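Keep in mind that this is a model prediction, so the values were computed, not measured. So you know, we letter chains A, B, ... as the sequences are listed, proteins then strands, and number each from 1.
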Amino acid sequence: MELDAKYNPSSVEDKWYSYWLKNKFFHSTPDNRPAYTIVIPPPNVTGILHMGHVLNNTIQDVLVRHARMTGYNACWVPGTDHASIATEAKVVNKLAGMGIKKRDLTREEFLKYAWEWKEEHGGIILEQLKKLGSSCDWDRTAFTMDEKRSESVMKVFVDLYEKGLIYRGLRMVNWDPKAQTVLSTEEVVYRDEKSKLYYLRYYVADTDTNPVKPTGEEGEVLHKDSEGRYYAIVATTRPETIMGDTAMCINPKDPKNRWLRGHKVVVPLVDRVIPVIEDRYVDIEFGTGCLKVTPAHDVNDYALGKTHNLEVIDIFNPDGTLSEAAGMYVGQDRMDVRRQIAIDLDKAALLEKVEDYDNKVGYSERNQDTAVEPRLCKQWFLKMQHFADIALPPVLEGKIKFHPSKYVTTYRNWLENIQDWCISRQLWWGHRIPAWFLPAAEGEEEKFVVALTLEDALAKARKINGYENISAEELTRDEDALDTWFSSWLWPVSLFDGINNPGNEEIRYYYPTNDLVTGPDIIFFWVARMIMAGEEYMKDVPFSNVYFTGIVRDKLGRKMSKQLGNSPDPLTLIAKYGADAVRMGMLMCSSAGNDVLYDDSQVEQGRNFCGKMWNAFRLVQMWKVDEKVQQPQASALAVKWFSNLLDKTLATVDDHFSKFRINDALMAVYKLFWDEFCAWYLEIIKPGYGEGMDKATYEATLVFFDKLLRLIHPFMPFITEELWQAMSERKEGETVMLQQYPVAGQADEGLIADFEIAKEAVAGVRSVRQDKNLSPKDKLNVVVDNSFPQATMTVVSRLANVDISCGEASAAAVSFVVGTTKVSVELAGHINVEEEIAKLEESLEYQHRFLASVRSKLANEGFVAHAPQAVIDGERKKESDCLERIATIESSLKALR
RNA sequence: GGGAGCAUAGCUCAGUUGGUUUAGAGCGUCUGCCCUACAAGCAGAGGGUCGGGGGUUCGACUCCCUCUGCUCCCACCA
């Protein structure tokens with residue numbers, strides 16, 4: 001087979017990916033092998049591949065391919081997430097572009113557009129994953145809103161409701177005025193913001209009937225205007241909410257404001273009279289110690305309102321504009337009103353001052369330009385204490401291991417302070433809540449039934465007193481959909497239909513899955529909740545290991561983002577460098593849990609490695625076996641050495657895999673191939689120009705190459721398949737991806753150590769050459785001690801281009817020490833005695849200093865008394881080795897002089 | 001405000017219960033090489049008082065305290 005001079009990934013990758021697909025190599029069905037299962041973190045169905053996906057999915061693919069080659073029935077289940085908020089927002093935007101408003105459409109019409117959008121854009125990301133080489137079982141591709149998954153969600157909702165874990169309640173929730181839906185606390189991200197603190201005048205209203213009586217206490221602060229009217233000053237960041245004020249609150253222990261006790265004050269501009277209440281909640285030190293209370297628009301104020309029985313005035317519409325209830329600025333956006341009301345207050349001499357103020361403002365995780373509004377409304381909640389109780393033990397007890405383990409603390413803290421999960425969303429794109437409302441009279445408490453179908457709902461409704469004759473038409477289904485995560489938390493179970501069809505063959509075989517690879521940013525959203533659902537519905541953990549990847553950043557450490565334009569397009573990279581190069585580039589710089597600083601140079605390194613493999617293969621391939629050629633000694637030794645080194649490295653790689661140190665495993669493999677196999681092994685056995693190669697060496701080399709390809713395959717699937725296929729005639733249906741992963745054997749450490757001495761000797765001679773400006777082509781004479789590993793001399797001779805012998809070097813030689821033996825390069829005519837003496841003296845001095853440090857340790861009675869024997873022996877060995885080296889250097893010096 | 005983590009070569013990071021010759025790797029840098037596998041390469045070299053200070057110990061990059069500087073997570077201070 002003729003190979004191109006350069007590796008061309010694009011012509012190779014599609015070819016082998018289709019081959020793998022055609023032969024269904026990725027497909028898994030239960031059999032008698034142990035299962036190895038990964039469920040993909042389902043990407044947004046209409047999303048496109050970014051660098052984070054590349055990292056995440058490369059790691060999953062490495063794990064899956066490795067497992068597949070080590071005897072497991074490996075199954076990587078792919079799928080996509082309906083991502084309700086994000087997708088609905090995209091559809092709303094698209095419709096807006098067409099001049100259609102969501103609220104002008106019926107639910108059915110809107111969903112028709114949404115499904116069209118999903119069909120059009122959905123699944124693109126899965127095609128992109130294929131370009132990466134992902135070995136997912138595509139026959140199992142799922143969608144969080146497909147039939148089975150939807151059915152699972154409905155069943156779980158009904159089940160949890162019946163267990164009393166789901167309830168409906170009026171709560172202060174986080175409202176996204178743009179998407180016009182409620183969000184869970186986890187979906188709100190807080191951002192530092194430069195804002196203003198407005199100091200407003202609240203005049204005392206009841207001076208006629210209840211004159212202000214200063215207490216005269218120390219610290220009392222009275223405010224009186226030029227006309228002698230008393231007023232309080234309230235500091236607020238949100239002056240636009242004063243229309244909703246129903247009280248002003250002071251701390252009963254605050255001497256500054258105690259004179260306000262029992263009074264009423266006037267809300268500025270609004271002219272509503274509100275009471276002054278007292279509560280220890282108020283921070284005396286903050287602002288003026290006076291707090292305006294707006295129960296409808298602040299969580300704490302709501303709590304205050306409850307204890308003090310205050311009226312709740314909701315002044316906002318769902319879209320964040322002011323409502324009729326505000327009485328002023330009706331219809332204007334809350335942010336515009338904030339600016340305007342400051343002006344109006346100032347004009348009315350009700351604005352005392354404005355200060356700069358840093359505070360945190362909540363935004364929707366999905367929508368970074370509209371601040372979240374606390375809002376009082378009725379929603380569906382899931383009680384979480386029960387789930388926290390069942391999800392904590394498996395992680396604390398190590399049944400589930402987190403990599404890195406520091407996330408156990410994060411996990412624990414969250415579960416120990418768990419809040420109920422708001423699961424309803426005012427969206428149409430999602431799983432519609434299976435609850436039906438019964439007709440109820442005005443002011444009467446709402447009545448509803450939760451059921452899988454309308455028929456069930458009707459049957460349930462008819463059992464309620466007074467509704468025995470209700471008809472299906474009178475039931476109205478809840479308009480809301482469920483939080484996206486309410487379907488993804490079932491993912492490891494629902495993918496194998498474990499909810500609808502408990503105990504089926506697949507769920508029994510594939511569950512629990514093995515490893516989960518995901519980002520720490522969704523540890524609460526997803527990881528924790530999957531553990532909850534797994535424990536609730538399978539009475540078992542959903543996975544044994546969670547590998548948390550870092551965030552992909554640019555080389556300056558900035559997050560990749562569209563705005564910064566610092567996020568390369570993975571497909572462009574793959575087209576330019578090849579998928580294997582991109583995979584390797586991502587893997588090299590990623591240790592579990594650490595952020596990844598991405599730089600093109602890493603991918604270039606991956607590309608270079610492909611080139612190296614390619615060329616090494618070309619070299620081996622051009623060799624011809626000559627039966628008449630005897631195996632050279634150097635080759636025989638090289639074969640033995642590399643075989644042992646391979647065994648040693650395999651053990652290292654196994655160890656790295658077992659600890660999820662994927663990048664270390666890759667690094668070990670990289671060095672084995674490049675430094676050891678190419679730079680040493682191939683150079684030793686390489687026949688001279690035009691010469692044939694002996695059969696034994698050639699065959700051993702093919703065995704090595706085959707093992708190396710298998711070893712590298714999980715990391716770089718395409719080039720390894722290409723080369724493996726090119727190695728010999730392969731039958732249709734054969735593939736490297738289903739070969740056995742190389743198994744480590746016992747390595748001869750002594751042989752490897754001897755060989756290291758030889759390598760150092762070679763490097764030493766080369767260094768002398770470079771130093772003396774001698775061509776590598778000129779053969780030199782080298783003399784070594786008897787202690788030099790004799791068997792390796794032939795290797796030194798070959799690689800350093802020297803004649804090597806044991807014995808005494810002449811005076812005209814340059815010497816260096818390798819380990820404890822002397823290597824001398826005969827250099828008659830090239831030697832500068834002064835220089836060599838200086839060099840040797842320098843190294844002699846160094847050895848003496850080292851000797852002194854070792855001896856001072858050994859002379860230390862404490863050391864000798866306390867240190868373990870092995871350590872003391874080690875120091876003794878250092879001492880004797882050092883003495884040997886000193887003797888060697890001194891003899892060289894003597895010879896020179 | 002609470003919690004977690006990090007600080008080792010120019011850059012990115014290893015350093016696994018304290019002792020493995022005087023701390024390692026990859027990339028980058030410098031020098032010399034186009035030698036029929038590979039210049040996307042080969043050969044060689046330089047580069048660190050392990051953030052500062054203190055302590056424990058015979059011995060500290062490793063354990064403890066403290067300071068400094070970053071990062072992340074959580075939290076209702078208007």
Under the salt bridge (charged side-chain N to carboxylate O under 4.0 Å, His left out) rule, what pairs show up with a residue in residues 667-684 of chain A, not counting sequence neighbours? A/Glu676-A/Lys759, A/Glu683-A/Lys686
Tell me the side-chain hydrogen bond (donor to acceptor under 3.5 Å, both in side chains) pairs involving residues 574-586 of chain A, sequence neighbours left out? A/Asp61-A/Arg583
For a quick test of your reading: what N or O donor-acceptor pairs under 3.5 Å do the side chains of residues 853-860 of chain A make, sequence neighbours left out?
from, atom 1, to, atom 2, distance (Å)
A/Ser853, OG, A/Phe850, O, 3.0
A/Arg855, NE, A/Glu879, OE2, 2.9
A/Ser856, OG, A/Ser853, O, 3.1
A/Asn860, OD1, A/Gly862, N, 2.8
A/Asn860, OD1, A/Phe863, N, 3.3

When you measure from every atom of RNA chain B, which of residues 684-693 of chain A have a heavy atom less than 4.0 Å away? A/Lys686, A/Tyr689
Any N/O pairs under 3.5 Å between the protein and nucleotides 75-78 of chain B? List them or say none.
from, atom 1, to, atom 2, distance (Å)
B/C76, O2', A/Asn300, ND2, 2.8
B/C76, N1, A/Asn300, OD1, 3.1
B/C76, O2, A/Asn300, OD1, 2.2
B/C76, O2, A/Asn300, ND2, 3.3
B/C77, O2, A/Asp283, OD2, 3.3
B/C77, N3, A/Asp283, OD2, 2.7
B/A78, OP2, A/Tyr357, OH, 2.6
B/A78, N6, A/Asp283, O, 2.8
B/A78, N6, A/Phe286, O, 3.2
B/A78, N1, A/Asp283, N, 3.2

Contact residues, residues 573-580 of chain A to RNA chain B [heavy atom, < 4.0 Å]: none
Just by protein heavy atoms under 4.0 Å, how would nucleotides 2-12 of chain B read 5' to 3' in B, S and -? -S-S------S
Dot-bracket summary - RNA chain B, pairs being Watson-Crick or G-U whose distances fall under 3.5 Å, with | when paired to another strand: (((((((..((((.....[....)))).(((((.......))))).....(((((..]....))))))))))))....
Could you run through nucleotides 27-34 of chain B and give me one letter per nucleotide, 5' to 3': B if any protein heavy atom sits under 4.0 Å from the base, S if only the sugar-phosphate is that close, - if neither? S---B---
State which residues pass salt bridge (Lys or Arg N to Asp or Glu O under 4.0 Å) with A/Lys253; sequence neighbours excluded, sorted by chain then number. none
Show me the pairs that pass side-chain hydrogen bond (donor to acceptor under 3.5 Å, both in side chains) and involve residues 761-775 of chain A, at least two apart or across chains. A/Asp771-A/Lys839, A/Lys772-A/Glu836
Test salt bridge (Lys or Arg N to Asp or Glu O under 4.0 Å) applied to A/Arg558 - qualifying residues, sequence neighbours left out: A/Asp554
